[in-house]
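Report on the following structure.
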Amino acid sequence: MAIIFDKERKTLTLHTKNSTYQMQVDPYGFLLHLYYGTRTEGCMDYLLTYADRGFSGNPYDAKEDRTYSMDVLPQEFPVSGNGDFRSPALIIKNADGSCSCDLRYKTHHIQSGKYKLPGLPAVYAGKEESETLEVVLEDAVTGVEVCLLYGVLPEYDIITRSVKIRNDGSQEFSIEKVQSASLDFVAGRYDLITFYGRHAMERNFDRRFLGHGAQVIRSRRGTSSHQYNPVMILAEEGTTEDAGKCYTMSFVYSGGFLGEAERDQYEQTRIQLGLQEEQFSYPLAPGEAFWAPEVVMSFSGEGLGRLSQNLHECYRTHLCRGKYRDQVRPILVNSWEASYFDFTGESIYNLAKEAADLGIEMLVMDDGWFGKRDDDNSGLGDWYVNEKKLGMSLGELIEKINALGVKFGIWIEPEMVNEDSDLYRAHPDWAFTIPGRKPVRGRNQLVLDFSRKEVVDAIFEQICALLDQGNIEYVKWDMNRSITDVFSHGTTNQGKVLHDYVLGLYDFLERLISRYPDLLIEGCSGGGGRFDAGMLYYTPQIWCSDNTDAADRVKIQYGTSFSYPVSAVGSHVSAVPNHQTGRNTSMKTRGVVAMAGTFGYELDLGKLSEEEKEEIRSQVKEYHRYGELIQKGLYYRLSNPFKDEIGAWAFVSKDQTEALLNVVMLEIHGNMTNNYVKLKGLKSGCMYQDEETKKVYPADALMDMGLPMPVEFGEYQAYQVYLKIK
Ligand code: GLA
């Protein structure tokens, strides 16, 4: 049993293989949080302390007892208005305008299997590998009913959380803020790790001591965004990759979010993650219910490496879905950096011919094939093929490419519209615009109002008509601006619109994958601007960044690796000098870096020398050889490229019989000192052989002292060492 109710002590305990989570219903019916950490038995209510603290109020039920205060006690789901002045997980605006809410325990249910969330992505798991706890709380005065949902996947050390809010009263109220998960820690000193970024430089690793004063990450952009990834890690001070206690919260949602962390006046810590509260005010009429998106939590007592691996395994096998979930993805060439908008059917076909010659398995025709679209100022919304530009029908092009033995994929951006498009001219009210105002433009385009079903339906029809034109096996789903001018012409409740937009997006994607179950969809938003666990439920891979520079990618992919599996990371070899940075790196280096992802190419293959083509042929062979190990092996970070002279990572098979070490020298100096890369995860006591040099190394020495990297002339050399157990 992963979930246990102790009737006497009124505790609810959640166990995973290596962690325990506990809460307790107190004598007044409040639900207090007791513990989250190393797996243990017993009752942790001894951790609660009581004292009369000035200006910390007391619930009426406590009568003369001034030592009982919601302001200090650890809460399972803190609400606004009951005397807890820390950040609330829930703010309800009642019909009378007050924001008070007093939630008390009503009942709970324990079931085998994992709960589902209507219309929202969520981790899934079978009855034999998961359990669900529902704890129902209610406000007796207003009829606000809150059901806290917990999904426990013991083998993965994963606990998921969500909240269902129901109006069981007789008057409408609105949800002004809801955090899907809130965690209180009564003691400890912690670092907060988050991932900030910008277009073409996403998910930079940022670690700082969590002091007094709230630290906040958020997106006001309507998408999870480049600026912060919806993930927080709380690590005990001193925690490393391999040791120390740490916790993560990862949001399974693709819209705006809010993550808060604060050390309070009593040195207690609270972290929370959930929906962005600005521009959010969700009305609930009597009888209606609202589901908050899911937060996935994990605890590791063995450092950050294990914490990441917990999420990788869970996301790869219990969040991603579809035919390609467990498959090494086809190696592709994408036309974007090869020719941008400047192509014809003939030139695309020629790219496919080159691809076939090199063993590349799929051709993706990127932006520019539809409507009037020779630059990024027009055409979005008109998803019909520009046969004049292609010089042939799409069906013909696909057939020709398939005849080469190459699969065909295509780029779309369904959520967008240009003012210069037939769609916009026919339906200007389908775009987000505020009456009487000129909208903010982004890449000269507007955002379609996906909170309206008729808009989603109309675009869905267009996209299906497109996909029915031939054997299209892959779609790159892009989204190239932040959302502004949030005003829907289809509702009077504007506070719902941003969330309903995301629900509309998910509805579209769900319909798409059920109609085309064999389609591989890659998410994208100006590169990695919507790289989140929500999208991974529909698209098992996401274009990691528009920055294809190998040296920058080492950092971007390092940050990404804290939460997302390598199988989700879209990564390609592109031309040099790199189009985003102007940097030169070798084909080898670009290959090694792109192999830490779904692997492909994004350059004009026709312009390469014979020598470079030969290198690509051998990279393709290598990826076929290592693909399974890369996708399904355990991922180890072996350096911090934000601090170290090298970027290093390894994939180790679960049975520890093989490992692939990858190193990129990020700095070079005169009279260079040695870089020894310490391996991880090998089988202690065993010997491993480098397949290429045939040298044999003891696993323990490789892990304790490391492998010296050769010092060669020139920056950004890369090494890939394949080790097999002897
Ligand atoms: C975005 C994507 C790119 C490319 C362009 C096309 O920026 O991230 O990969 O598809 O759009 O316009």
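First listed ligand is number 1; within each ligand, the first listed atom is number 1.
Among Arg590, Gln580, Glu602, the single residue meeting the side chain to side chain donor-acceptor pair (under 3.5 Å) criterion with Thr548 is Gln580.
Close approach of ligand 1 to Asp367 is summarised as follows: ligand atoms under 4.0 Å from at least one heavy atom of the residue are 6 (C), 12 (O). The atoms of ligand 1 that sit less than 4.0 Å from any heavy atom of Trp543 are 8 (O), 9 (O). Of all atoms in ligand 1, listed by their number and element, those nearer than 4.0 Å to a heavy atom of Asp366 are 4 (C), 6 (C), 10 (O). Counting atoms of ligand 1 from 1 in the listed order, those under 4.0 Å from a heavy atom of Cys524 are 2 (C), 8 (O). Ligand 1 places these atoms under 4.0 Å from at least one heavy atom of Gly526: 7 (O), 8 (O). Interface of Lys476 with ligand 1, defined as ligand atoms under 4.0 Å from a residue heavy atom, comprises 3 (C), 4 (C), 9 (O), 10 (O).
For ligand 1, the polar-atom distance check finds no N/O of His199 at less than 3.5 Å from any of the ligand's N/O atoms. Where the criterion is an N or O separation shorter than 3.5 Å, residue side chain and backbone included, Arg373 fails it with respect to ligand 1. Checked against a 3.5 angstrom limit, the closest N/O atoms of Glu602 and ligand 1 fall outside it. Taking only nitrogen or oxygen atoms, main chain and side chain alike, Ser525 does not reach within less than 3.5 Å of ligand 1. Ligand 1 has a nitrogen or oxygen under 3.5 angstrom from a nitrogen or oxygen of Gly527. Where the criterion is an N or O separation shorter than 3.5 Å, residue side chain and backbone included, Asp546 meets it with respect to ligand 1.
Counting only heavy atoms from C-beta outward, the side chains of Tyr340 and Asp342 never approach each other to under 4.5 Å. Residues Leu505 and Tyr538 are not in side-chain contact: their nearest non-hydrogen atoms beyond the backbone lie 4.5 Å or more apart. For the pair Cys464/Arg515, a side-chain contact is recorded, criterion being any heavy-atom separation below 4.5 Å from C-beta on. In this structure the side chain of Arg329 reaches within 4.5 angstrom of the side chain of Leu520, judged on heavy atoms. Using a 4.5 Å cut-off on side-chain heavy atoms (C-beta onward), Pro540 and Arg325 make no contact.
Salt bridge Glu614/Arg617: present, at least one basic N to carboxylate O contact under 4.0 Å. Using a cut-off of 4.0 Å between Lys/Arg side-chain N and Asp/Glu carboxylate O, Asp382 and Arg373 are scored as not salt-bridged.
Contacts between Glu522 and ligand 1 below 4.0 angstrom, taking non-hydrogen atoms only, are absent altogether. Proximity of Asn480 to ligand 1, defined as any heavy-atom pair under 4.0 Å, is confined to the side chain (atoms from C-beta onward).
Taking atom 11 (O) of ligand 1 as the reference point, the nearest protein heavy-atom neighbour is Asp478 OD2, 2.9 Å.
Under the 3.5 Å distance criterion, with hydrogens and angles disregarded, a donor-acceptor pair is assigned to the side chains of Tyr384 and Asp422.
Contact between Asp376 and ligand 1 is absent, with no heavy atom of the residue lying under 4.0 Å from the ligand.
Qualifying ring-ring contact (aromatic ring centres under 6.0 Å, His included) partners for Phe251, counting only residues two or more places apart in sequence or in other chains: Tyr253.
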